Trainee: 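One structure, as structure tokens, below. Some questions next.
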There are 2 protein chains.
Amino acid sequence: MSDVKSDIEIARAAKKKPIQEIGEKLSIPRDHLLPYGHDKAKVTADFIKSLEGRPDGNLILVTAVNPTPAGEGKTTTTVGLGDGLNAIGKKATICIREASLGPNFGVKGGAAGGGLAQIVPMEDMNLHFTGDIHAIGTAHNLLSAMIDNHIYYDNEQGIDSRRITWPRVMDMNDRSLRHIAISLGGVTNGFVREDRFDITVASEVMAILCLATDLADLQERLGNIIIGQRRDKTPVTVKDIKAEGAMAVLLKDAIQPNLVQTLENNPAFVHGGPFANIAHGCNSVIATKTALKLSDYVVTEAGFGADLGAEKFLNIKCRKAGLNPKAVVLVATVRALKMNGGVAKDDLGTENVQAVKDGCANLGRHIENLKKFDVPVVVAINHFIKDTDAELQAVVDFAKQTGAEDAIVAKHWAKGSEGVTELAQKVVEVCESSRSAYKPLYPDEMGLVEKIETIAREIYRADGIEADSKIITQLKDWEKQGYGNLPVCMAKTQYSFSTDASKRGAPTGFKIPIREVRLSAGAGFVVVVCGSVMTMPGLPRKPAAESIRLNEQGQIEGLF
Amino acid sequence: MSDVKSDIEIARAAKKKPIQEIGEKLSIPRDHLLPYGHDKAKVTADFIKSLEGRPDGNLILVTAVNPTPAGEGKTTTTVGLGDGLNAIGKKATICIREASLGPNFGVKGGAAGGGLAQIVPMEDMNLHFTGDIHAIGTAHNLLSAMIDNHIYYDNEQGIDSRRITWPRVMDMNDRSLRHIAISLGGVTNGFVREDRFDITVASEVMAILCLATDLADLQERLGNIIIGQRRDKTPVTVKDIKAEGAMAVLLKDAIQPNLVQTLENNPAFVHGGPFANIAHGCNSVIATKTALKLSDYVVTEAGFGADLGAEKFLNIKCRKAGLNPKAVVLVATVRALKMNGGVAKDDLGTENVQAVKDGCANLGRHIENLKKFDVPVVVAINHFIKDTDAELQAVVDFAKQTGAEDAIVAKHWAKGSEGVTELAQKVVEVCESSRSAYKPLYPDEMGLVEKIETIAREIYRADGIEADSKIITQLKDWEKQGYGNLPVCMAKTQYSFSTDASKRGAPTGFKIPIREVRLSAGAGFVVVVCGSVMTMPGLPRKPAAESIRLNEQGQIEGLF
């Protein structure tokens, strides 16, 4: 294996073009590219505004089977397909999420993609990048400080300090901040209360930034955030605290999408990174819409497997942003399907066609689910070196039988765009055929409980949901308050269709227990928590940070 | 007054040049300017390294009399003098500190300079700028998380959780975080202990970044930080926690100085902003040294009045960085001297020559003090519109009698560089005369107590210091541990030579009480606290944030 280069070695050897040249591929004038160094830039809001009325390109979602420890390569396929579309002469742009900095100091950080299908600059994207997440954290914490300051002075709004739901945030894995007591130390430090820090990307501000259509919409949504309750249990919003203007000012740069490039010098927007459980897990609407105005094909992805990521992309992002996806690429690997078929990780290297066939039940259910949104599905089999022809053929046969447009082996990891031209051709054909008649799974008007039941039944194939009367009452109350038309955002394990992470494949005979519901009134969805949700990770016993340093050449060691 | 434009109006009307053109004035190749938008850039560490061995330009410190509510205009004079030097044909660069974001949401933010002597882009400099302070906060908080993580697992170092002195930080005015309890909520959240948040710029990481000579030196200094004690009271350093490498990686961009421009398109480095009480209050050594390699004249400033700012600049920054200042410009205003002479703020508009003469006692003491460092002093009288000729003449006469090289009225606020050419000429003459024989006030070898006494006697003119035996013992202990050769960093009110803020002018007959001493082993100084020190501000009853928003034109309202 010594001649196989690591992702970071490949990324460092990349022949990056000046970001202005990447912008030129999309006809972005240099004045409207705000550079951050020579290889990153933001596209100005003014330029984005000038694009109004232009026709949109074709939107392609890349999603995947349920994740396993074997790895599926969803981002790698997203990047590879983008390069492949450019290679066959199409003007294509990639849109993915940006990474949180904090977790890289716990466990080693990752590439955006892998092998010959990567987005660069990799180091920057794992560190401060263009400062978006710092800006989000600052806007979030300004609101936190203003809430306690409001109480410290006259508390004109009558905020009940026991019922403040707005935490503080930090972009760090810091378990000590999960549960704290603040305002200790006497009168001048305020009123003592309990509080917590979440990791910054879990902030509702991140979800809002990713769903806002422009800065004015962002400010409006920030104003709608509910931060807690008064003594009479009425909700207190950010507008009541008068923080939305200052928060929007802090986010005026962060809302502008970041342009970077693939190893093959094709344009990629990397912008926004909301949690995929308590939020919708997609890059920003602004980036996606801008890319659609500037290119004929836009390849994007969503967090986790298709049961969570694609469902939220289609039911939340596309619905709210008025997007019309033309095709879904569903990524599977022989290895992942084998694990879904019951093979242990250590045995993945041995050919096992039957296990692949068994594991295809997971793939099949995702294909069926996606077709419920009336979008055509192309299966991409992300090739690994030990896959056998018989195993690959089993997946192809199964996928075609189950209603996929096609199933195509893609070798972008090893070969870059030349390994993925067949997939690219197929995607183009599907898009041009206008076979997509995208519609969300449920209408806005459906009740909140019914929306949850619909997803549980149609996507998870559960026998129903289980929820306390307290939760049902809460949902009904929100409907009365005018929030009934919001979509629901499911927070569930990504490893299974069920809420039991160990149930791979296509489990049946289970119910979905609802533990808790939360209203993200600014982002515009109701979060439905179906398991434990961790919003502040901790560092491991031996954090990656202990090994991270700059070597003599000024290169970063230990981060990857 | 309606035809007098505000600082922000002037700044917005500035005809900024692309930052690459500003870099060209200093012969910085475009490849070595890392742009942040079109009007800000960082100078690469590689380029800075390539400058080694080049001769240095002339370093000029701008300092001031003790601050009063009347305003002195130290930064305005720094900027004006830089423009003035360029106007008379000299290649001059300005070096000032960068501002903390948080406080601008409490009380309105400020310009860098004022009137026609400003540095732009003003909005960015009051917001995220190039992200340096975010990077500092992240590096700081990574260490905090690693300390608690170390204890959470095996606590191999035997850290005494009651004696951790390393807080957490946030760039926000948030009084609720001044005193907190962390790790509540059970076993998986760690061991409960008390903690605090400081505002980010109060972090020792900021002081270190501003005193480090390069990234390797930064990493070494970070490693030397003492974060607390073991049960046996021995100090625990960052190296013991193995955090210095990762912290340096987080700071690799932040350590590169930021280039911006004045309204007259002259180069300015705005880099680093340590507290002027618990730290040394000067912009980064790297910025100052880089500017000296790239220009014939470098104009810089230090926080507060000359008793604190200049003393620390000369005793800490110049000593440690091997800088040789050629001249000190001491800024005074007729208004400030009147207040030092006993006039109330409301009466400043009336001519009062006697009060000016009385207030000159403050100016005189600063002149005498500065001459103890063997640097020539030029007094700059920052002109205000209501100053009378008789008042101005009184200052000029006094300054010359007291040993200043000259005292010159400067009108840069109203006229830009053309109002300050006489001062610029005089400064050039003084620099070229080689009259400076800069030496620090005390040698490295002097004991810590004696260093404090020397400053109290020679600078403050106190009758001595008052300190508990506990404090004296602590200082002696540090001497035994090898820290005796460090300079001392005085934290005292900036409003008086004494520790009583109400004693303006040139008070006598007082002692300096030492409340507390702190070892900043990474930055390399011993902090001597002579009064209350606030390291986390609060928001006021009506925070500026409530009025901050973007208007229809996308301009920021309420921030200034």
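Just so we're clear, the structure is a prediction, and the values are computed from it rather than from any experiment. Note on naming: letters A, B, ... go to the chains in the order of the sequence lines (proteins, then strands), and numbering restarts at 1 for each one.
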Trainee: Side chain from CB out, backbone as N, CA, C, O: work out which of these in A:Ala135 comes under 4.5 Å of a heavy atom of chain B, or both, or neither.
Mentor: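 Both the backbone and the side chain of A:Ala135 come within 4.5 Å of chain B.
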Trainee: Please identify, among B:Pro35, B:Gly558, B:Ser144, the residue contributing the most non-hydrogen atom pairs under 4.5 Å to chain A.
Mentor: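 Heavy-atom pair counts peak at B:Pro35.
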Trainee: Carefully, step by step, assess B:His134 and A:Thr138 under the rule side-chain contact (heavy atoms from CB on, under 4.5 Å).
Mentor: CA-CA 9 Å; B:His134 291 315; A:Thr138 305; 3.1 Å; yes
Trainee: Of all of B:Thr130, B:Leu215, B:Thr188, B:Asp46, which one pairs up most often with chain A through heavy atoms under 4.5 Å apart?
Mentor: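 Most pairs with chain A among the choices: B:Thr188.
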Trainee: When only pairs under 4.5 Å are counted, which of B:His150, B:Arg175, B:Met536, B:Lys242 shares the most heavy-atom pairs with chain A?
Mentor: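 Of the candidates given, the most pairs with chain A belong to B:Arg175.
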Trainee: State, to 0.1 Å, how close A:Asn149 and B:Pro540 come at their nearest heavy-atom pair, and which atoms those are.
Mentor: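 Of all heavy-atom pairs spanning A:Asn149 and B:Pro540, the closest is ND2-O, 2.9 Å.
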Trainee: Looking at B:Leu34 and A:His38, what are the two nearest heavy atoms and their distance?
Mentor: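 Where B:Leu34 meets A:His38 most closely, the heavy atoms are CD2-CD2, 3.7 Å.
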Trainee: With a 4.5 angstrom heavy-atom cut-off, is it the side chain or the backbone of A:Glu557 that approaches chain B, or both, or neither?
Mentor: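 Nothing of A:Glu557, per the 4.5 Å heavy-atom cut-off to chain B.
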Trainee: Over all heavy atoms of both residues, which pair between B:Asp148 and A:Ser176 is shortest? Give the atoms and the distance, please.
Mentor: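 Of all heavy-atom pairs spanning B:Asp148 and A:Ser176, the closest is CB-OG, 3.2 Å.
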Trainee: Where do B:Ala246 and A:Ala545 come nearest, in terms of heavy atoms and distance?
Mentor: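 So the minimum-distance heavy-atom pair works out to CB-O, 3.5 Å.
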Trainee: Can B:Tyr153 and A:Leu539 be said to form a side-chain contact (heavy atoms from CB on, under 4.5 Å), step by step?
Mentor: CA-CA 10 Å; B:Tyr153 286 104; A:Leu539 291 170; 5.9 Å; no
Trainee: If you take all heavy atoms of B:Gly185 and A:His179, which pair is closest and at what distance?
Mentor: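 Here B:Gly185 and A:His179 meet closest at CA-ND1, 3.4 Å.
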Trainee: Which heavy atom of A:Leu184 sits nearest to which heavy atom of B:Ile180, and what is that distance?
Mentor: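 The answer is CD1-C, 3.5 Å.
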Trainee: Are B:Leu177 and A:Arg168 close enough, and set up right, to give a side-chain contact (heavy atoms from CB on, under 4.5 Å), and what steps lead you there?
Mentor: CA-CA 10 Å; B:Leu177 297 178; A:Arg168 286 168 166 83; 3.8 Å; yes
Trainee: Considering only heavy atoms from C-beta outward, does the side chain of B:His128 approach that of A:Leu250 to under 4.5 Å?
Mentor: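 Result yes, sub-4.5 Å side-chain heavy-atom pair found.
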Trainee: With the side chain counted from C-beta on, respond yes when B:Lys252 and A:Ile556 share a heavy-atom pair under 4.5 Å apart, and no when they do not.
Mentor: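 Of all side-chain heavy-atom pairs linking A:Ile556 with B:Lys252, at least one is under 4.5 Å.
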Trainee: Would you tell me whether A:Asn189 and B:Arg178 have side-chain atoms, one donor and one acceptor, within less than 3.5 Å of each other?
Mentor: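 Yes.
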Trainee: Return the option, out of B:Asp253, B:Asn173, B:Asp154, with the maximum number of heavy-atom pairs under 4.5 Å with chain A.
Mentor: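 Highest number of pairs under 4.5 Å: B:Asp154.
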